[in-house]
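Report on the structure given below.
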Amino acid sequence: MPGPYQPDPGQGGKKKGLAIAIGALVVVAAVVGGILVVQGGGDDDSGGGGKVADDGKRYKLITPQTVAGDYTKDSSGGGGLTSSDADDFEKFGVSNPEPVSADYKSGEGMSMKKLQLSGVWGEVKDPEKVVDGAFAKIAEEAEKDSSTSSGMKAELVGSPESVTPSGFENAVMKCQNTKFTPTGDSSSSGIPSKGFSIPICMWGDHSTVGYVVVSDAAAALSGNSMSLDDAGDITAKVRNDAREEIK
């Protein structure tokens with residue numbers, strides 16, 4: 001009988017098993033990326049807190065060496081947005097979008113967490129419409145093809161929920177869980193048969209739209225999930241670190 005699955009931190013996100021346990025954010029990112037090849041935006045009446053305030057300043061997105069306290073850049077990561085995605089993001093309501101992506105990690109071994117930041121900056125007239133449209137297309141793409149190359153099934157749970165972390169201003173943020181369930185013999189992988197969930201959070205303001213996905217090896221193996229509120233707190237910190245005022 002095979003022993004329990006053990007991630008190999010020395011291989012980054014390249015090995016199949018590791019991709020399941022702590023690199024599943026790449027799968028989520030692939031689903032998110034799928035929204036960019038779908039024509040048009042989307043209408044979603046769920047949630048919503050009215051018009052997003054504009055502080056009158058303009059910002060661009062950057063990828064600093066460190067975000068959210070102790071997440072440092074990880075060159076072994078992959079995925080994210082490319083320059084060819086910019087034209088598609090414009091359909092969601094971002095004028096002159098400039099794509100930005102970076103991967104980060106915190107800790108080592110079983111305490112390792114990975115974070116992916118992707119987004120665009122430009123002119124955003126209606127931030128909430130962009131966020132709602134993006135989540136609607138994520139759901140549409142996930143429903144079309146929920147299987148993954150790593151032997152996991154990915155499905156969105158519920159609907160995007162509005163999150164308002166402390167200190168989060170002049171923007172809208174919504175988060176939603178993506179549940180990953182083994183499609184084969186879970187006993188051979190060590191992944192709990194019930195699977196695990198990874199939240200995705202997306203913010204929108206009048207200059208930037210970005211999403212953050214955080215995966216946790218220990219939580220994945222125990223079948224636990226980071227709460228949407230905790231994911232929102234991290235995303236708010238990433239937004240603060242990744243926005244730079246244009247003067």
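Any value given below was found using the heavy atoms of this structure, including those in side chains, with hydrogens, waters and symmetry copies removed.
Inter-residue side-chain proximity for Val130 and Val94 is flagged as met; some heavy-atom pair is nearer than 4.5 Å. With contacts defined as side-chain heavy-atom distances shorter than 4.5 Å, the pair Arg243/Leu61 qualifies. Using a 4.5 Å heavy-atom cutoff, the side chains of Val163 and Pro165 are in contact. A heavy-atom distance below 4.5 Å is found between the side chains of Met202 and Val209. At least one side-chain heavy atom of Val100 sits under 4.5 Å from a side-chain heavy atom of Thr63. The side-chain heavy atoms of Val212 and Ile200, taken from C-beta on, include no pair separated by under 4.5 Å. Counting heavy atoms from C-beta on, the side chains of Leu115 and Val238 come closer than 4.5 Å. Between Gln116 and Tyr104 there is no side-chain heavy-atom pair separated by less than 4.5 Å.
Under 4.0 Å is where a charged nitrogen must lie from a carboxylate oxygen, and between Glu155 and Lys179 no such pair does. For the pair Lys73 and Asp103, the salt-bridge criterion is not met [side-chain N within less than 4.0 Å of a carboxylate O]. Of the charged side-chain nitrogens involved, at least one lies within less than 4.0 Å of a carboxylate oxygen, so that Asp132 and Lys174 count as a salt-bridged pair. With salt bridges taken as basic N to acidic carboxylate O contacts below 4.0 Å, none links Asp216 and Lys114.
For residues 158-167, no pair satisfies salt bridge (charged side-chain N to carboxylate O under 4.0 Å, His left out), with sequence neighbours left out.
In this structure, Ala171 and Asp205 approach most closely via the heavy-atom pair CB-CB, 3.8 Å. The heavy-atom pair separating Ser101 from Ser118 by the smallest distance is OG-OG, 3.1 Å. The two atoms that bring Ile198 and Ser215 nearest to each other are CD1-CB, 3.8 Å, heavy atoms only. In this structure, Asp241 and Ala68 approach most closely via the heavy-atom pair OD2-N, 2.7 Å.
The hydrophobic cluster containing Val213 does not contain Leu228, counting ILVMFWY residues as joined when their side-chain heavy atoms lie under 4.5 angstrom apart, directly or transitively.
In this structure, OG on Ser159 lies 12.0 Å from CG on Asn177, to the nearest 0.5 angstrom. Note that the CD atom of Glu244 and the OG atom of Ser207 stand 12.5 Å from one another [nearest 0.5 Å]. Taking CE of Met173 as the start and SG of Cys201 as the end, the distance is 6.0 Å to the nearest 0.5 Å. Here CZ of Phe135 is found 11.0 Å from OH of Tyr211. Values are rounded to the nearest 0.5 Å. Residue Glu245 holds its CD atom at 11.5 Å from NZ of Lys60, rounded to the nearest 0.5 Å. Considering CG of Asp229 and OG of Ser166, their distance stands at 12.0 Å, rounded to 0.5 Å.
Residues meeting the salt bridge (charged side-chain N to carboxylate O under 4.0 Å, His left out) test with Asp70, sequence neighbours left out: none. In terms of the salt bridge (charged side-chain N to carboxylate O under 4.0 Å, His left out) criterion, Glu169 has no residue partners (sequence neighbours excluded).
Without hydrogens or angle criteria, His206 side chain to Asn170 main chain gives no donor-acceptor distance under 3.5 Å. Checking side-chain atoms of Asp74 against main-chain N and O of Lys105 turns up no donor-acceptor pair under 3.5 Å. For Thr235 (side chain) and Ala231 (main-chain N/O), a donor-acceptor pair under 3.5 Å exists by modelled atom type.
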Q.
Show, in sequence, the C-alpha distance, side-chain angles and deciding distance for Phe92 and Val131, and conclude whether the side-chain contact (heavy atoms from CB on, under 4.5 Å) test is met.
A. CA-CA 8 Å; Phe92 292 92; Val131 171; over 6 Å; no
Q | Evaluation steps, side-chain contact (heavy atoms from CB on, under 4.5 Å), between Val214 and Tyr71 | A | CA-CA 10 Å; Val214 179; Tyr71 287 89; 3.6 Å; yes
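Just one residue in the list Trp121, Trp203, Tyr59 forms a side-chain hydrogen bond (donor to acceptor under 3.5 Å, both in side chains) with Thr208, and that residue is Trp203.
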